[in-house]
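Single-structure report; data block below.
Residues take their numbers from the sequence shown, with the count starting at 1. Both backbone and side-chain heavy atoms feed into the values below; hydrogens, waters and symmetry mates do not.
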Amino acid sequence: MLLQSSLQRAEALLRDHNVPAAREAVTEVLASEPASVPALMLRGRIAMAESDFDTARTVLTRAASLAPDKHAPQFLLGFFHYVDNDFLRARPVLERARKIAPRDYQTALFLAMTYDGLALPDFARPAFQQALALNDSAEARLAFARMLYTQGVFEEAQVHVSRALELHPGSRDAHYEQARLHFVANRFEEAITEANRALQLQGDGISERSIHFLLSRAYDRTGDKARAAEHRRAFEAIPPRLIR
């Protein structure tokens with residue numbers, strides 16, 4: 001009972017974005033219960049929130065090894081490896097999580113994206129389709145569309161981007177992906193319109209830097225050198241994101 005209440009307090013602190021206090025609370029739990037899988041999972045989530053990936057890797061690996069037949073610790077470890085861009089390690093863990101919980105949408109989606117990260121389109125395509133069968137979400141549609149875009153399968157990518165825009169018309173990522181598809185089809189004015197819409201929207205996915213770069217290229221293709229240069233300067237003024 002004491003363990004549960006302490007974990008609940010740590011969870012509440014994390015929800016309130018009080019990450020240091022949450023870390024302190026869960027550390028106290030682990031001092032008395034070092035093999036508590038829920039506590040190890042929470043410690044891993046806190047470490048990820050602090051970008052302490054070494055600690056996250058250690059504690060989430062331990063949680064998964066202590067509960068090999070439980071979905072949550074397997075998924076969380078696989079998700080961590082995916083975020084860490086370690087797709088080779090993510091794959092077997094997410095495949096195990098998928099077997100444990102075949103109806104879990106998030107597991108299906110991250111496994112599909114992991115296959116994509118490993119450049120395995122023959123595995124990724126059916127995995128994306130399975131994820132969409134579980135949840136027809138804009139998130140899955142856009143991830144699938146990005147893979148198809150990189151393969152040059154633009155017509156099919158357009159189907160998914162159009163559906164993503166229906167599901168989430170305020171998605172910055174969806175408007176950006178639509179702009180990219182207009183660009184490769186030489187519809188530069190339409191690309192500019194969609195990219196400018198994306199720039200006005202909030203989102204944690206595609207960066208303003210990428211949108212400015214696309215706008216610079218699109219304006220250049222229309223012959224508007226002044227605006228192309230303006231967006232090029234905006235692109236260069238924003239430092240690239242650190243990608244792990």
- Linked, directly or transitively: Val153 and Val184 (ILVMFWY side chains, under 4.5 Å): no

- Backbone N/O of Leu165 and side chain of His175: donor-acceptor pair under 3.5 Å: no

- Query: Where do Met41 and Ala72 come nearest, in terms of heavy atoms and distance?
  - Reply: CE-CB, 3.6 Å

- Message: Within the 4.5 Å heavy-atom criterion, are Leu14 and Val19 side-chain neighbours or not?
- Response: yes

- Check for a donor-acceptor pair, side chain of Arg209 on one end and backbone N or O of Ile238 on the other, with a separation under 3.5 Å. yes

- Message: Show the nearest heavy-atom pair for residues Ala56 and Gly44, with the distance to one decimal.
- Response: CB-O, 3.8 Å

- Message: For Asp16, I'd like to know if atom CG has over 12 heavy atoms of other residues, nucleotides or ligands within 6.0 Å.
- Response: yes

- side-chain contact (heavy atoms from CB on, under 4.5 Å) evaluation trace for Arg57 with Asp54: CA-CA 5 Å; Arg57 185 181 300 105; Asp54 289 337; 3.1 Å; yes

- Message: Quick test of your reading of the model: are Asp136 and Arg163 salt-bridged, counting only N-O distances below 4.0 Å?
- Response: yes

- Message: Between Arg227 and Glu230, does any side-chain N to carboxylate O distance fall below 4.0 Å?
- Response: no

- Message: Please determine whether side-chain contact (heavy atoms from CB on, under 4.5 Å) holds for the pair Lys70 and Ile100, giving the CA-CA distance in whole Å, both sets of side-chain angles, and the decisive distance to 0.1 Å.
- Response: CA-CA 7 Å; Lys70 299 294 184 182; Ile100 296 169; over 6 Å; no

- Return yes if some donor-acceptor pair links the side-chain N/O of Ser32 with the main-chain N/O of Val29 below 3.5 Å, else return no. yes

- Query: Rounded to the nearest 0.5 Å, how far does CZ of Phe144 lie from CG of Asp116?
  - Reply: 9.5 Å

- With a cut-off of 6.0 Å (strictly less than), are more than 12 heavy atoms of other residues, nucleotides or ligands near OH of Tyr105? yes

- Are any non-hydrogen side-chain atoms of Arg146 and Asp173 less than 4.5 angstrom apart? yes

- Query: Looking at Glu95 and Arg98, does any basic side-chain N land under 4.0 Å from a carboxylate oxygen?
  - Reply: no

- Query: Going by heavy atoms in the side chains, are Leu148 and Phe154 under 4.5 Å from each other?
  - Reply: no

- Note on the structure: Of all heavy-atom pairs linking Pro126 and Pro121, the shortest is CD-O, 4.4 Å

- Item | 4.5 Å side-chain heavy-atom contact, Leu199 and Glu208 | yes

- Query: If we only count heavy atoms from C-beta on, is the Glu194 to Arg187 side-chain gap below 4.5 Å?
  - Reply: no

- Determine the minimum heavy-atom distance between Phe128 and Leu109, stating which atoms define it. CE2-CD1, 4.0 Å

- Query: Between Arg125 and Glu156, is there a salt bridge with N-O shorter than 4.0 Å?
  - Reply: yes

- Do Leu13 and Arg9 pass the side-chain contact (heavy atoms from CB on, under 4.5 Å) test, and can you show the C-alpha distance, the side-chain angles, and the key distance before you say yes or no? CA-CA 6 Å; Leu13 288 166; Arg9 184 168 67 87; 4.1 Å; yes

- Item | Pair Glu189-Thr193, side-chain donor/acceptor within less than 3.5 Å | no

- Message: Between Gln178 (side chain only) and Ser162 (backbone N and O only), is there a donor and an acceptor less than 3.5 Å apart?
- Response: no

- In sequence, state the C-alpha distance, the side-chain angles, and the governing distance for Arg217 and Asp220, and then conclude on salt bridge (Lys or Arg N to Asp or Glu O under 4.0 Å). CA-CA 5 Å; Arg217 295 174 65 208; Asp220 184 67; over 6 Å; no

- Message: Taking the basic N atoms (NZ, or NE/NH1/NH2) and the acidic carboxylate oxygens, is any pair closer than 4.0 Å for Glu11 and Arg45?
- Response: yes

- Query: Does a side-chain heavy-atom distance below 4.5 Å link Arg91 with Leu120?
  - Reply: yes

- Under 3.5 Å, side chain of Arg172 to main-chain N/O of Ile206, donor-acceptor pair present? yes

- Query: Any side-chain heavy atom of Val83 within less than 4.5 Å of one from Phe53?
  - Reply: yes

- Message: Is there a salt bridge (Lys or Arg N to Asp or Glu O under 4.0 Å) between Arg233 and Glu236? Walk through the geometry before answering.
- Response: CA-CA 5 Å; Arg233 287 193 296 271; Glu236 292 173 348; over 6 Å; no

- Query: Would you say Ile46 and Arg43 make side-chain contact, with heavy atoms under 4.5 Å?
  - Reply: yes

